[in-house]
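Keep in mind the model is a prediction, meaning the values are calculated, not measured.
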Amino acid sequence: MHETVQSTVGYDELAVLKLLALDGGLAGERKISCSVLAEQLDASNQTASRRLQRLESEGYLERDTVADGQWITITDAGTSALRSEYEAYRRIFENNATIELEGTVTSGMGEGRHYISLSGYKRQFEDRLGYEPFLGTLNVELTDDSIRRRSAMSSLESIPIDGWEDEERTYGPAACHPATVELSDGTRYETAHTIAPERTHHDEDQLELIAPDKLRDEFDLTDDSHVTIIVGDH
């Protein structure tokens, strides 16, 4: 997992981002003036301007100031922030909120087999997930849209896998989420979990799954096979 950077974006800035999105900001570049935004926020022009500056500095939007206003573009990071808020509200008002991710099967680096076999992790998988995983992970390379949606997983309740240590070294924690693997023909495997170690060599476009069975054999999957991963309680 990537190191978390302290952000100056809070609920006030997210409210501005939401207003911009409601005005069509997710569809492309939109023009807005600080006075109009200030009126919508019931705040001063200076406050509206300061919140836009914070959103820009954190990479949530891009701005081009002109004589009669500003052209605003919500970035992928801004879209992800809004989607995370959306998924959080879904969990409040819907009993079975899930996140659907798509991608293609890819070969991993072989690390999953080793770490899953370690006793400190293996005991926790059996106790907390209810099964002994196959010794290996299914690696899925996510589509661009799914990479953005992945950030919304932070709104879902995870199953913690604690870090531990032996006489030789310390092993880091991880987080799991219940997941269903679905193929294009509707075939489903419902006893899987995503796993995200706190320390990983994978980028955000790589999703790892564990299951009681070898999913490649279960579905006759090969590299580049398309799969849909439905994450969350269902």
Side-chain angles (χ1 to χ4, degrees), residues 1-103 141-158 175 177 194 196 198 200 202-207 228-234:
M1 289 169 56
H2 298 292
E3 182 181 357
T4 301
V5 178
Q6 184 68 32
S7 173
T8 59
V9 171
Y11 290 113
D12 290 340
E13 287 75 30
L14 287 176
V16 172
L17 200 61
K18 182 178 74 172
L19 285 175
L20 296 173
L22 288 170
D23 192 40
L26 294 181
E29 193 176 35
R30 306 292 293 183
K31 191 176 184 181
I32 191 170
S33 68
C34 278
S35 60
V36 170
L37 180 59
E39 184 176 349
Q40 292 175 317
L41 296 172
D42 191 23
S44 67
N45 286 10
Q46 291 81 0
T47 296
S49 177
R50 185 167 58 250
R51 292 178 186 174
L52 287 174
Q53 290 172 7
R54 287 176 182 169
L55 287 168
E56 181 183 29
S57 67
E58 292 298 325
Y60 284 33
L61 57 78
E62 296 174 351
R63 295 190 300 158
D64 183 17
T65 303
V66 293
D68 57 346
Q70 303 177 57
W71 286 96
I72 300 293
T73 302
I74 297 177
T75 64
D76 288 346
T79 301
S80 292
L82 289 170
R83 193 177 293 279
S84 293
E85 290 294 297
Y86 165 69
E87 295 294 347
Y89 279 110
R90 281 189 63 195
R91 284 190 58 80
I92 292 172
F93 294 109
E94 299 177 18
N95 291 328
N96 296 311
T98 58
I99 298 167
E100 190 170 296
L101 306 173
E102 296 183 48
E141 184 174 348
L142 299 175
T143 63
D144 289 344
D145 188 48
S146 291
I147 294 170
R148 291 189 286 271
R149 286 203 300 272
R150 180 178 184 164
S151 64
M153 286 175 60
S154 62
S155 70
L156 302 177
E157 185 175 355
S158 65
H177 289 92
T194 66
E198 185 175 278
T200 178
H202 291 305
D203 295 325
E204 290 300 308
D205 64 342
Q206 296 290 320
L207 186 72
T228 298
I229 311 300
I230 304 165
V231 184
D233 294 330
H234 42 268

Supply the atom-to-atom distance Asp145 CG to Glu102 CD, rounded to the nearest 0.5 angstrom.
-> 8.0 Å
Quick one: does Thr75's side chain have a donor or acceptor within less than 3.5 Å of a partner on Gly59's backbone?
-> yes
Provide the closest heavy-atom pair for Glu29 versus Trp71 in the form atom of the first, atom of the second, distance.
-> OE2-CB, 3.3 Å
What's the spacing between Ser154 OG and His177 NE2 if we round to 0.5 Å?
-> 8.0 Å
Side chain to side chain contact (heavy atoms under 4.5 Å, CB included) assessment of Asp12 paired with Arg51 = CA-CA 7 Å; Asp12 290 340; Arg51 292 178 186 174; 3.7 Å; yes
Quick one: CG on Leu37 to CG on Leu20, what's the gap to the nearest 0.5 Å?
-> 6.5 Å
Look only at the side chain of Glu39 and the backbone of Val36, and say whether a donor-acceptor pair between them is shorter than 3.5 Å.
-> no
Check whether any side-chain heavy atom of Arg54 lies under 4.5 Å from a side-chain heavy atom of Val16, and answer yes or no.
-> no
Side-chain donor-acceptor pair under 3.5 Å between Arg149 and Ser146, yes or no?
-> yes
Steps toward side chain to side chain contact (heavy atoms under 4.5 Å, CB included) verdict (Glu141, Gln206) = CA-CA 5 Å; Glu141 184 174 348; Gln206 296 290 320; 3.7 Å; yes
Ile99 backbone acceptor or donor facing Arg150 side chain under 3.5 Å | no
Closest approach of Asp205 and Ile147, non-hydrogen atoms and distance?
-> CB-CD1, 3.4 Å
Contact summary for Cys34 and Asn45, nearest pair of heavy atoms | O-OD1, 3.9 Å
Please round to the nearest 0.5 Å and tell me the distance separating atom CG of Leu82 and atom OG of Ser151.
-> 10.0 Å
Given the rule in the side chain to side chain contact (heavy atoms under 4.5 Å, CB included) test, do Leu41 and Thr47 qualify, once you have shown the distances and angles that lead to the verdict?
-> CA-CA 9 Å; Leu41 296 172; Thr47 296; 5.7 Å; no
Which distance, rounded to the nearest 0.5 Å, do you find between the OG1 of Thr194 and the CG of Leu101?
-> 8.5 Å
What one should report as the nearest heavy-atom pair of Glu13 and Leu55 is O-CD1, 3.6 Å
Heavy-atom nearest pair, Leu26 first then Ala21, reads CG-CB, 4.0 Å
Answer yes or no: is there a side-chain heavy-atom contact under 4.5 Å between Gln40 and Asp23?
-> no
Beyond-backbone contact of Asp144 with Asp76, side-chain heavy atoms, under 4.5 angstrom | no
In short, Leu17 meets Ala81 closest at the heavy-atom pair CD2-CB, 4.4 Å
Atom CD in Glu56, atom OG1 in Thr73: separation rounded to 0.5 Å?
-> 10.5 Å
